[in-house]
Amino acid sequence: MSQVNRVRDPDQPIVTEANFYPGGEGRVHVHVVGRNFVERGIPVEARVGAQVVGRLVLRGDGRGFAGTLERGPREGDRLYVGYADSELQPTDVVVRGGGSGAMLARREDADAEGDENENAEDDEDAEGGTHTNETQ
Amino acid sequence: MNWGPDRVFDQIARLGATPAEVVLDEVEDENWTVVAAPQSATPPQDVIDGDLVIERALGEGRLVSLRVVGRDVGPHELYGSDGLVRAEVLVLRPARAAAPPTRARGAAESDLVGDQVAVAPPLPTHCFELATYRSMDFTVDSARTEVTAATATSPPVFSFTSTRFRTIAGLDSNFATEFQATATALELLTFTRGRQLLDTGYLRVDPTNAARFQVRVRGLVCHPSRAGYREQLPAGTGKLPIAILVHGNHASLEFTVADSGGPRTSLGIPPIRFTLIPGRSTILHDVPSYRGYRYLQEHLAQMGIVSVSIDTNAANASGSLVALRADLVLEMLDHLKTLDGTTGHAFHNRLDFSRVALVGHSRGGDAVAMAADRNRTRTRNKHGICAVVAIAPTDLTGMLATASRLEMTRDHTASFLCVYGSHDGDVSGRFVAAERSPGWGFTGTGFRHYDRATAPRAMVFIHGATHNRFNTIWIDPAAHRVGTGARRLAEAQADSSVDEAAVDPRKPPSTAFPLPAANRDARVLADTAHRTLAREYVGGWLALWLLRQTAEQPRFVGAQANTLGALVALQWKLGSKRRSVDNFDDSDPTRNVAGGATTRPPFVRERLIELADLAHTPHHDRTLEAELPTGASRIYRSELPTGARDWSRFTTLTFRISKRFPDVSTPTAIAAATFPPTLQITLFDGTNRRSVDQSVIAPLNPLTVRPYHRLRGADNLTKVHLQTWQVPLSQFTGTGGVSLSTIRAVEIGFDAGAGEPIHLDTLSVVRI
């Protein structure tokens with residue numbers, strides 16, 4: 001199992017979970033849970049694999065968003081989120097499951113006690129850059 | 001001097017290089033307004049009885065005829081088979097006489113008659129909430145994709161999709177289904193954002209068609225009032241100009257969801273099945289962003305302007321970029337038109353829809369440009385847009401296909417103003433690496449709006465101004481729910497988390513670099529300063545264009561500082577007459593836009609300005625670029641064709657100028673660079689030449705500023721940008737000087753340093 005650790009841009013949204021549901025006419029609705037999604041002039045953007053999440057609507061409390069994919073994601077597609085003026089950052093959420101029912105995408109380390117970097121926004125030394133380390 | 005109709009025609013629509021070519025100039029005679037230019041697509045219904053038609057016999061010397069619409073000729077006779085105004089036809093209308101200031105009667109009341117507005121004292125004001133429902137499309141534009149990637153020398157091209165719907169079924173199908181857990185395991189409340197807007201009154205079912213919805217159009221109205229009768233407009237019969245204000249994207253609506261009692265369904269996520277319960281939403285919290293410009297609205301009302309700041313939270317809550325906001329602007333204007341036509345209403349016959357200003361902040365800045373564009377193509381209920389003002393705007397169409405970009409031309413608006421802050425932490429000019437430049441980023445900044453505009457225009461780049469502090473609600477913690485990120489940002493008056501530490505007004509200021517952690521950046525302006533500058537610049541622009549108070553113009557042309565002494569960088573092209581010499585925007589470097597030939601030394605070329613410094617240039621525009629002079633030929637020469645040589649009715653030569661800064665990593669490096677750019681300008685009248693050099697030009701432009709050093713986290717967002725310089729034409733006349741009646745050429749000598757090219761653009765003459 002891979003694990004993604006990062007020193008996070010304080011503006012970077014955090015994702016903890018994503019769920020996919022059939023939306024009719026081949027579309028798939030995506031429902032993302034997390035935090036630090038701030039409504040700004042610059043729009044939030046997301047993609048699942050190579051596919052852009054359209055009609056993205058943030059939750060009013062900043063804890064996620066809902067959107068639509070024009071077609072179903074593929075097994076193994078990763079969720080990326082960010083703002084339109086920055087690189088979309090990979091999240092720990094990867095699509096699993098599939099078929100005619102609902103699919104569920106969870107963080108790869110969902111069974112872990114918690115990612116210490118989740119508290120990065122509470123740390124005084126949060127830096128303005130972002131880098132990603134993958135460990136096996 | 002002969003100022004017959006042939007001269008009038010030639011001043012506005014000159015003969016081009018060939019007898020069959022007519023070149024539309026920017027010159028506007030102070031006594032006339034151009035109704036229909038040669039070869040324009042002006043609709044026939046815009047030509048009315050009494051308009052003056054000048055027909056120029058092309059290629060036949062000075063033959064010309066004058067006719068009056070309605071008496072001598074009908075509008076449809078002026079058009080060719082292609083539907084355009086014939087090339088030899090120009091239609092003019094007498095301009096309104098400028099209203100002289102009148103002495104106000106009484107201590108605080110002025111009688112508004114016709115177009116005259118009292119300059120002082122301020123009028124009493126009154127504000128109230130206005131709301132109605134209107135049948136309109138609900139447009140969601142989103143899902144940006146890259147069509148063409150950026151290269152080292154060319155920008156990217158993007159697209160995004162727009163979906164319009166007006167039915168309840170459309171609301172259900174076009175928004176993603178969302179879920180909320182209940183107290184009961186395996187039961188989920190379901191809802192869509194569209195249904196939430198319907199449940200909570202932002203939308204309602206159309207009373208005439210249950211399959212459709214209507215959209216709530218709501219706003220805060222502020223108007224001048226009559227002393228002692230605050231809900232009435234000032235006494236008199238004069239019509240008042242109108243301003244519509246539009247806020248941008250911000251925290252908006254939070255909902256709670258409960259069981260609506262509707263039929264249940266189920267959804268299986270193997271090996272578990274959930275019961276889905278249709279939810280009904282109520283509003284938990286609503287941030288009233290539209291009330292955040294009341295300070296500006298009251299200032300406008302004191303001047304005699306009716307304003308409405310509209311609520312676009314329906315767009316914020318639905319993830320819509322621009323289009324829905326633009327539609328709400330037009331719907332509010334149309335609603336005001338209804339009120340104006342309603343007997344007994346306070347506004348009955350008192351609103352002047354030929355004098356409308358649109359003022360937008362952030363995405364609202366994009367929206368007012370789009371609203372002006374949609375208004376332009378209306379065949380009914382078309383409003384007279386005198387000003388489009390964009391405050392800290394996004395530029396979400398600037399990197400779309402060319403035909404989709406919003407450009408403020410004279411067909412859109414009589415004027416365009418952009419106000420933007422160097423310390424904007426939201427629309428900051430940050431860009432994705434693949435986009436290569438702030439000038440090429442999808443989100444853009446106000447610099448690109450200004451670059452594309454061709455209407456009379458100005459841009460005020462305020463050193464130390466932020467994004468959110470122009471809106472009092474956005475920086476009010478009490479307007480945001482406890483525990484939300486938006487409230488935390490409001491407490492710090494910050495545009496984003498990265499900027500919090502540097503701008504928090506609770507910290508003591510510091511001018512040290514690097515900034516100590518316990519201090520804020522002293523250069524960042526307080527919220528009170530933002531409001532003061534908004535009143536001066538936005539209020540001043542509306543006074544200039546809605547009320548014809550020409551005393552406001554000096555602050556936009558570098559002749560008057562703001563009352564705070566805040567540093568600003570100005571770009572502008574204003575004046576009762578304006579004529580372009582060259583914009584360097586076309587693909588032919590051998591000719592200028594006036595139709596004359598140009599001669600370049602080898603170190604001078606035309607190209608995109610941003611290519612000289614992709615990382616720090618916020619522009620996307622072709623300019624003249626001069627590198628280190630080499631060789632024997634050192635002069636750039638731009639010749640003027642016959643018909644464009646008479647500059648006697650102009651007062652000032654203007655141009656935009658900048659230079660590349662080799663090092664913008666620190667304030668010290670910026671301060672150490674050679675600045676301002678050095679050049680020499682010569683006018684030639686066929687006999688005499690007269691030059692002015694830096695020793696004359698620099699003192700004439702005292703408000704020129706160096707780039708503002710700006711770090712946002714790890715990103716250096718310092719912007720190296722153009723500023724407008726002016727040189728009075730009187731500098732070139734006098735004994736041994738040139739005759740302004742026969743200017744044959746403009747010659748420019750550049751003194752660029754190695755690796756520090758000079759950029760010049762928008763070479764023009766104006767009358768100010």
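Just so it is clear: chains get the letters A, B, ... in the order the sequence lines come, proteins before strands, and each one is counted from 1.
For the pair B:K507 and B:D504, the salt-bridge criterion is not met [side-chain N within less than 4.0 Å of a carboxylate O]. The existence of a salt bridge linking A:D9 and B:R430 is confirmed by a sub-4.0 Å separation between a basic side-chain nitrogen and an acidic carboxylate oxygen. Using a cut-off of 4.0 Å between Lys/Arg side-chain N and Asp/Glu carboxylate O, B:R710 and B:D499 are scored as salt-bridged. Ion pairing of B:R144 with B:E435 is present here, as a side-chain N (NZ or NE/NH1/NH2) and a carboxylate O approach within less than 4.0 Å.
Heavy atoms closer than 4.5 Å to chain B are found in the backbone of A:L58, but not in its side chain. Residue contact with chain A, scored on non-hydrogen atoms closer than 4.5 Å, involves the backbone of B:A317 exclusively. Neither the backbone nor the side chain of B:L711 comes within contact range of chain A; no heavy atom of the residue lies under 4.5 Å from a heavy atom of that chain. Only the backbone of B:A434 comes within contact range of chain A, with at least one heavy atom under 4.5 Å from a heavy atom of that chain. Heavy atoms of B:S428 lying under 4.5 Å from chain A belong exclusively to its side chain. If you measure heavy-atom distances from B:A486 to chain A, you find no contacts under 4.5 Å at all. For B:L489, the part sitting under 4.5 Å from any heavy atom of chain A is the side chain, from C-beta outward, and nothing else. Neither the backbone nor the side chain of B:T161 comes within less than 4.5 Å of any heavy atom in chain A. Residue A:E87 touches chain B through both its backbone and its side chain, counting heavy-atom pairs closer than 4.5 Å. Contacts of B:T145 with chain A are made by side-chain atoms alone, with heavy-atom separations under 4.5 Å and no backbone atom involved.
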Give the C-alpha distance, both sets of side-chain angles, the deciding distance and a yes or no for salt bridge (Lys or Arg N to Asp or Glu O under 4.0 Å) between A:D11 and B:R712.
CA-CA 11 Å; A:D11 283 331; B:R712 183 179 180 275; 2.9 Å; yes

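A donor atom on one side chain and an acceptor atom on the other are not found under 3.5 Å apart for B:T394 and B:T443. Judged purely by distance below 3.5 Å, without hydrogens or angles, the side chains of B:D495 and B:H467 never pair a donor atom with an acceptor atom.
Between chain A and the options B:E500, B:R481, B:H285, B:R363, heavy-atom pairs under 4.5 Å are most frequent for B:R363. Residue with the most contacts toward chain A among B:V427, B:N174, B:D366, B:L396: B:N174 (heavy-atom pairs, distance under 4.5 Å). With chain B as partner, the option from A:V38, A:D85, A:V53, A:V57 having the largest number of non-hydrogen pairs under 4.5 angstrom is A:D85. Counting heavy-atom pairs closer than 4.5 Å to chain A, the top residue among B:F179, B:W474, B:F175 is B:F179. Among B:S362, B:P438, B:S496, the residue with the largest count of heavy-atom pairs under 4.5 Å with chain A is B:S496.
A:E25 contributes atom CD, which lies 6.5 Å from atom OG of B:S173 (distance to the nearest 0.5 angstrom). Considering OG of B:S289 and CD of A:E39, their distance stands at 10.0 Å, rounded to 0.5 Å. Note that OG1 of B:T163 and CZ of A:R55 are 4.0 Å apart. Values are rounded to the nearest 0.5 Å. Here the CG atom belonging to A:L56 is positioned 10.5 Å from the CZ atom belonging to B:R193, to the nearest 0.5 angstrom.
The cationic group of A:R40 lies under 6.0 Å from the six-membered ring centre of A:Y83 and within 45° of the ring axis, placing it in a cation-pi geometry.
Listed for the B:T397 side chain is no donor-acceptor partner under 3.5 Å among the backbone atoms of B:L400.
Contact residues of residues 59-69 of chain A toward chain B are A:R59, A:G60, A:D61, A:A66, A:G67, A:T68 (heavy-atom distance under 4.5 Å).
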